[in-house]
Protein chains: 2
Amino acid sequence: MAHRPKLSTVAAAAGVSPATVSQVLRGTGRISEETRARVLEAARAVNYLPDGRAAAMRSGENREIGLVLHHLANPFNAELVSGVSDRLERDGYLVSVLDSRDDAERQERNLRALIANMRGGLIWVPASGTDAATLDLLAAQRLPVVTFLHRVSPDLDHVELNNARALRDAVAHLADLGHRRIAFLGGTAPRAPRTDRIAGYLAAVAERGLGAPLVWPCEDSRRGGRDAILSLRAAHPDIGAVVCNGDMVALGACLGLASRGERAGREVSIIGFDDVAEAALATPALTTLSVMPYDLGRRLAERLLARMSDPAAAPTTLRIDATLVPRDTTAPPSPRRPIRSRRT
Amino acid sequence: MAHRPKLSTVAAAAGVSPATVSQVLRGTGRISEETRARVLEAARAVNYLPDGRAAAMRSGENREIGLVLHHLANPFNAELVSGVSDRLERDGYLVSVLDSRDDAERQERNLRALIANMRGGLIWVPASGTDAATLDLLAAQRLPVVTFLHRVSPDLDHVELNNARALRDAVAHLADLGHRRIAFLGGTAPRAPRTDRIAGYLAAVAERGLGAPLVWPCEDSRRGGRDAILSLRAAHPDIGAVVCNGDMVALGACLGLASRGERAGREVSIIGFDDVAEAALATPALTTLSVMPYDLGRRLAERLLARMSDPAAAPTTLRIDATLVPRDTTAPPSPRRPIRSRRT
DNA sequence: CCCCTCTGATATATCGTTATATTAAAGCCA
DNA sequence: TGGCTTTAATATAACGATATATCAGAGGGG
């Protein structure tokens with residue numbers, strides 16, 4: 001057998017017509033038990049797998065879902081992917097993941113290829129610099145889309161975090177511990193998730209009457225966080241607590257403190273954002289704002305399924321609250337007061 | 001316009017036949033400059049994107065590549081994905097990533113869906129428990145495949161690491177520093193990459209005439225490494241150095257030591273495997289066996305491209321050497337002798 | 001002035017499925 | 001026995017693109 005088996009291969013092997021094979025495999029139409037068995041056996045024997053493209057083209061159905069995000073290496077995203085996949089695979093969908101690396105041009109390429117090749121639906125964390133042309137393109141394809149984190153259009157279903165509230169909670173936690181000078185650390189982009197967080201941070205600092213706010217930008221990565229905490233410590237030794245724009249930044253900051261012989265939760269209190277698996281595991285364990293990425297993925301998937309089943313419904317927005325998980329990197333500001341590690 | 005634009009939509013808009021539109025977009029046939037311009041303008045105006053499925057079906061070409069691996073959350077894999085994608089996107093392919101989570105059943109489902117929907121090629125890290133039926137299925141589809149890490153068939157192109165040699169280098173490095181009792185930490189599966197590493201480890205220990213070897217299994221994750229180093233320290237306090245089955249295990253082991261108030265490179269020397277980005281960044285910086293995952297991804301991609309361009313060629317095997325990168329978690333076994341942090 | 005080539009466009013068949021229409025055979029009832 | 005329903009299978013026409021064949025008209029040469 002020189003080529004891959006197709007419907008007619010199975011038909012020939014079973015001695016029936018291609019139409020019959022299709023009906024057997026799809027479970028439609030009237031087929032006698034005897035031919036059904038013969039067809040199934042033949043399909044198994046030649047290792048037949050249907051060509052989903054042809055099937056999808058004819059039937060109009062499509063069970064492929066694209067998931068486009070920024071940065072696969074971030075464990076938050078890895079957990080999100082698991083949540084999305086588990087939920088959608090349960091309904092027989094195939095989820096393929098693309099990493100735009102937050103580059104609008106790569107994202108555009110990826111989306112074009114994705115749309116060209118799979119027509120089911122899209123879960124999308126838009127990259128910075130996403131332009132209107134990309135949105136027009138998506139709209140024209142009538143593809144069910146759910147955006148996450150960054151809203152790019154009022155016409156698309158959207159899921160986002162309640163960032164302002166989360167930051168308020170974080171600042172409140174630190175203020176309750178007795179901290180007066182609290183900085184916000186991380187990010188550089190002047191767009192929605194980060195600006196919302198900063199707004200929440202500034203509002204909370206003002207409400208509580210705390211010391212002058214300080215926004216200290218850095219790349220959102222472990223390395224960025226490590227370098228930033230060092231420059232921050234050098235420039236503002238009086239900062240006693242830091243809320244970070246993500247766990248990777250926070251863990252990087254912990255590393256930075258460690259390299260100075262200091263320790264998060266002693267000289268400086270640190271709060272992350274995301275609650276990646278590593279946060280509970282680190283030493284000291286990271287206090288962070290948990291959004292349960294796996295569960296979030298599931299909810300994103302369900303939004304998309306809802307959209308696919310009713311393409312005409314009005315666009316929805318879902319806002320998810322983060323909950324503060326106190327661990328060992330936050331403590332009262334008493335100088336030189338070591339804390340005992342709480343096991344996790 | 002109620003539906004997504006297709007070739008005939010563009011044709012109508014430009015006042016030409018669908019065949020002409022196809023020729024313009026594909027750059028084939030003879031088309032006057034004037035109609036070409038009109039067609040391109042029309043395609044842009046209606047936001048046309050070709051249906052790749054129909055095109056692929058007719059032309060037999062396919063520019064979709066699947067990448068199936070174990071565990072997206074491991075940064076090693078994230079870097080690998082980048083390398084693969086960058087190389088293949090350069091040639092106009094779409095790479096979609098699936099995570100089998102090392103579960104043979106999920107892998108089988110994923111592969112079936114993948115093969116059904118995309119017909120270009122596959123880069124595959126087979127899960128444990130991959131069975132012959134899966135291999136038969138793949139073989140019957142005549143899909144170009146490159147396996148990575150785990151060889152499952154002599155008929156498929158394969159890329160693997162020279163694990164035995166890498167472990168030998170690691171043990172040699174520790175022995176040269178003066179260590180006598182060295183353990184191997186990590187993994188549980190009794191299959192190829194790990195058994196090769198253990199074999200190399202045992203051989204090196206024997207050759208060097210070191211103290212009794214010790215294989216200490218654990219889950220290959222940060223958590224697994226952390227827990228394992230604690231139980232290992234408790235059971236065998238005389239072990240002075242550990243070679244780990246991956247950087248995640250090694251970094252976990254460092255965390256475990258830290259939670260005891262110890263430090264990798266002081267009480268115990270630790271060597272990882274993979275050289276993920278975090279390794280150089282951690283405090284202390286992790287000594288590890290580097291395989292340059294990004295570059296490795298590129299090489300995998302090139303293997304696959306070669307296979308796709310010549311499906312009849314004999315299957316090849318590529319064996320990649322890891323190089324030891326000494327950083328701060330390895331040092332002479334002198335008790336209580338702190339080492340200076342080497343910046344990276 | 002007719003035949004031939006060249007150009008630029010269109011008509012048609014095809015890829016591998018599935019949905020629908022159609023047919024062949026069998027069973028039933030009067 | 002003849003018409004009518006029921007069952008089980010097949011024939012046929014799409015889906016949206018591309019490859020190939022075809023065609024109409026312009027220009028050129030004898």
Side-chain angles (χ1 to χ4, degrees), chain A residues 1 3-40 42-43 46-64 112-113 115-120 140-142, chain B residues 3-40 42-43 46-64 115-120 140-143:
Chain A
M1 161 191 30
H3 294 311
R4 86 179 277 254
K6 41 187 169 179
L7 209 55
S8 57
T9 315
V10 180
V16 295
S17 75
T20 303
V21 177
S22 175
Q23 305 214 64
V24 168
L25 295 178
R26 301 195 28 91
T28 63
R30 305 178 195 284
I31 305 289
S32 73
E33 202 43 60
E34 188 252 327
T35 44
R36 143 175 263 95
R38 207 166 67 243
V39 166
L40 289 176
V46 302
N47 268 311
Y48 174 72
L49 267 189
D51 184 331
R53 299 174 313 192
M57 186 159 128
R58 173 65 237 246
S59 71
E61 280 238 335
N62 204 308
R63 309 197 79 82
E64 291 180 82
R112 296 187 95 98
I115 294 169
N117 291 300
M118 71 184 59
R119 318 231 41 85
Q141 315 306 316
R142 331 250 135 198
Chain B
H3 294 311
R4 85 180 278 255
K6 42 187 170 179
L7 209 57
S8 58
T9 315
V10 179
V16 296
S17 75
T20 303
V21 177
S22 174
Q23 305 215 65
V24 167
L25 295 178
R26 302 197 25 91
T28 63
R30 306 176 193 286
I31 306 289
S32 73
E33 202 43 60
E34 189 251 328
T35 45
R36 143 174 262 97
R38 207 166 67 241
V39 166
L40 288 175
V46 301
N47 269 311
Y48 174 72
L49 268 190
D51 184 330
R53 299 174 314 192
M57 187 161 125
R58 174 63 237 246
S59 69
E61 280 238 335
N62 205 309
R63 310 196 79 82
E64 291 179 81
I115 294 168
N117 291 301
M118 70 184 61
R119 317 229 44 83
Q141 314 307 317
R142 330 249 134 196
L143 187 69

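Everything numeric here is computed off the predicted structure, so don't read it as measured data.
Straight-line distance from the CD1 atom of B:Ile31 to the P atom of C:dC6: 19 Å, rounded to whole Å. Atom-to-atom, CD of A:Glu61 to C1' of C:dA19 comes out at 13 Å; the value is rounded to the nearest Å. Counting to the nearest Å, the P atom of C:dC15 and the CZ atom of A:Arg53 are 13 Å from each other. The CG atom of A:Asp51 sits 16 Å away from the P atom of D:dA17 (whole-angstrom rounding). For the pair B:His3 NE2 and D:dG16 P, the interatomic distance rounds to 9 Å; values are reported in whole Å. To the nearest angstrom, P of D:dA24 lies 18 Å from CZ of B:Arg30. In this entry the distance linking CD of B:Gln141 with C1' of C:dG16 reads 13 Å, nearest Å. Atom CD in A:Glu33 sits roughly 13 Å away from atom C1' in D:dA8 (whole-Å rounding).
Take the nearest nucleotide of DNA chain D for B:Gln23 and for B:Ala55: the residue whose nucleotide is more 5' is B:Ala55.
In terms of polar N and O atoms assigned as donor or acceptor, the side chain of B:Arg26 never comes within less than 3.5 Å of the base of D:dT18 in a complementary pairing.
Counting all heavy atoms, side chain and backbone alike, A:Ala42 lies closest to A:Ala13 at CB-CB, 4.0 Å.
Ranking C:dA9, C:dT14, D:dA8 by closeness to the B:Arg58 side chain, first place goes to C:dT14. Checking C:dA19, C:dT10, D:dG16 against the side-chain heavy atoms of A:Ala19 singles out C:dA19 as nearest. Ranking C:dT10, D:dT7, D:dT18 by closeness to the B:Ser17 side chain, first place goes to C:dT10. Across C:dT18, C:dA9, D:dA8, the shortest atom-to-atom separation from the side chain of A:Ser59 is found for C:dT18. When each of C:dA9, D:dG16, C:dT17 is scored by its nearest atom to the side-chain atoms of A:Tyr48, the top-ranked nucleotide is C:dT17. If you check D:dA9, D:dA17, C:dA9 against the side chain of A:Thr35, the one that comes closest is D:dA9.
Remark: B:Ser32 is not in phosphate contact with C:dT7, judged by side-chain N or O atoms under 4.0 Å from OP1 or OP2. Between B:Ser22 and D:dT18 there is a side-chain polar atom (N or O) within less than 4.0 angstrom of OP1 or OP2.
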Item to check | Working for side chain to side chain contact (heavy atoms under 4.5 Å, CB included), residues B:Leu49 and B:Arg4 | outcome: CA-CA 9 Å; B:Leu49 268 190; B:Arg4 85 180 278 255; 4.3 Å; yes
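Residues B:Met57 and B:Arg53 fail the side-chain proximity criterion, which asks for heavy atoms closer than 4.5 Å.
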